[in-house]
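Encoded as C-alpha cells, the structure appears first; notes follow it.
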Protein chains: 2
Amino acid sequence: MTSQAQQSQANDIPEEINGLRMTRQRQEIYKLLMGERCHPTANEVFMRIKEFLPNISLATVYNCLEALVQHHIIRQVNFDREPSRYCPNLDEHGHFHDEATGTIHDIKFKPGINLTDLLDLPPNTVIKDIEITLRGQLSAS
Amino acid sequence: MTSQAQQSQANDIPEEINGLRMTRQRQEIYKLLMGERCHPTANEVFMRIKEFLPNISLATVYNCLEALVQHHIIRQVNFDREPSRYCPNLDEHGHFHDEATGTIHDIKFKPGINLTDLLDLPPNTVIKDIEITLRGQLSAS
DNA sequence: GTGGGAAATTAGAATCATTCTCAATTAGAT
DNA sequence: ATCTAATTGAGAATGATTCTAATTTCCCAC
C-alpha cells in the first residue's frame with residue numbers, strides 16, 4: 001500500500017488479525033498490551049489508553065479486550081477473584097503472582113515438557129486449555 | 001437446650017480443627033462438602049444446607065467457607081470468573097472442568113512429579129501455592 | 001460519491017458474586 | 001450467673017463485568 005494509506009496513527013498494526021478487523025480502538029489497546037508486558041486489568045487499560053483515545057469508554061475497552069481474546073490475539077488471565085488481566089504472550093506459559101509487589105511474571109515451561117503427560121487424566125479427555133498459576137514471593141536476591 | 005451432650009447433630013466432626021472452633025454451621029457445611037465431592041459454589045452450599053439449618057444466611061455460608069479455607073480445612077477453587085467453588089480434597093491436585101456437563105473433576109499428578117521442577121522460575125522464588133486448571137470435554141467413552 | 005445495512009462504539013443502567021455493617025445471639029471463661 | 005469475645009443473620013453496599021439502546025463508523029453496491 002504505497003499511496004498514503006488511510007491508516008490511523010497506529011501505523012504498525014495490520015488492519016486485520018485472525019479475522020478480526022482492527023479498529024482504531026482495538027489497535028491502540030493491542031499496542032498498549034504489547035508495549036507494557038505487565039498484564040493490566042481492563043480498568044488499567046482504560047486509564048492508560050485515554051492518553052491516545054480520550055473519548056473511549058470502559059465498555060469499549062471490555063468489548064475490545066473480549067474480541068481480542070476471542071480471536072486468540074491476546075489471553076485473559078485470572079487470579080482467584082481478582083479483576084481479569086490481559087496478556088499479549090500467546091506462547092504456552094504459566095503465571096507467577098508475586099504477592100509482595102503484586103506483579104505478574106510469565107513462567108515458561110522447561111523444554112520438552114508436555115503438561116498433560118504428567119497428569120492422571122480420565123480416559124477420553126479432550127483438553128482445550130491449561131492454566132497454571134503460582135503464588136508466592138520473589139525474595140530479595 | 002436441655003443438658004445432654006452439648007454436641008449437635010453433627011456428631012462426627014470434632015469441635016475444633018486446625019485451631020478453628022467448629023460451630024454447628026461450620027460442621028454442617030464441612031460435612032456437606034465431604035459428602036458430595038462435587039465442588040459446590042457458596043450458593044449451592046446455601047441451598048443444600050437449608051435442609052439441616054433452615055435459618056442459616058448466605059452471609060454465614062460465606063463466612064464459614066472463608067474460615068474453613070483460611071484454616072486449611074478446605075480449598076477454594078476458581079474457574080475463570082465463575083463463582084468460587086469449594087473442595088474438601090487437600091491433596092495437591094489440579095482441576096478439570098468438563099465444558100459439556102459443567103462438572104469439575106480432581107486431577108492427580110502422576111507419582112513423583114514435582115511441578116516446580118518443570119517450570120522456568122525466576123531465581124529466589126518462594127512458591128506458596130500452585131493451581132492447575134484444565135478445561136475441555138470428557139468425550140463419550 | 002451516495003445510500004443502506006452491519007458492525008462498532010458509547011454512556012449509563014443492570015447484574016450478580018461477594019463483602020460489609022451492625023444488631024442480636026451464642027459460647028467460653030471467670 | 002456474668003462478662004466478653006466470637007459468631008450469626010438480614011440486608012445494604014461494592015465492584016467487576018455485562019447489557020441496552022442510541023449513535024457513529026465502516027464497507028459495499030450502485
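- Distance A:E15 CD to D:dC27 P: 7 Å, rounded to the nearest Å.
- Distances shown here put a side-chain N or O of A:T60 below 4.0 Å from the OP1 or OP2 atom of C:dT10.
- If you check D:dA10, C:dT9, C:dT18 against the side chain of B:A42, the one that comes closest is C:dT18.
- Side-chain proximity of B:R21 to C:dT18, D:dT17, D:dT7: nearest is D:dT7.
- Comparing D:dT8, C:dT18, D:dT18 by their nearest atom to the side chain of A:Y62 picks out D:dT18.
- As rounded to whole Å, 18 Å separates atom P of D:dA16 from atom CD of A:E66.
- Comment: A:R21 does not engage A:E15 in a salt bridge, judged by the lack of any side-chain N to carboxylate O separation of less than 4.0 angstrom.
- Of all nucleotides listed (D:dA16, D:dG9, C:dA17), C:dA17 comes nearest to the side chain of A:R81.
- Summarising the geometry, the separation between CD on A:E16 and C1' on C:dA8 is reported as 15 Å, rounded to the nearest angstrom.
- Using a 4.0 Å heavy-atom distance criterion, A:N63 is classed as a base contact.
- B:L53 places its CG atom 15 Å from the C1' atom of C:dT25, with the value rounded to the nearest Å.
- For B:R24 and C:dT25, the CZ to P distance is 19 Å, given to the nearest whole Å.
- Relative to the side chain of A:P83, the nucleotides D:dC27, D:dG9, D:dT17 differ in distance, and D:dT17 lies closest.
- Atom CD1 of A:I56 and atom C1' of D:dT24 are 14 Å apart (whole Å).
- Between B:Q25 atom CD and D:dT8 atom P the separation is 5 Å, expressed in whole Å.
- Within the nucleic acid shown, A:N43 has no heavy atom closer than 4.0 Å to any nucleic acid atom.
- Nucleic acid contact class of A:T41 (heavy atoms, under 4.0 Å, all strands): none.
- A:T23 comes within contact range of the sugar-phosphate backbone alone, with a heavy-atom separation under 4.0 Å but no base atom that close.
- Checking side-chain atoms of B:K110 against main-chain N and O of A:D117 turns up a donor-acceptor pair under 3.5 Å.
- B:T60 and B:Q25 share no side-chain donor-acceptor pair at under 3.5 Å.
- No side-chain N or O of B:H97 forms a donor-acceptor pair with one of B:H95 less than 3.5 Å apart.
- Among the heavy atoms of the strands, none lies under 4.0 Å from A:E82.
- Taken from CD in B:Q137 to CD1 in A:I127, the straight-line distance is 10.0 Å, to the nearest 0.5 Å.
- Between A:F46 atom CZ and D:dT18 atom P there is a gap of 16 Å when expressed in whole angstrom units.
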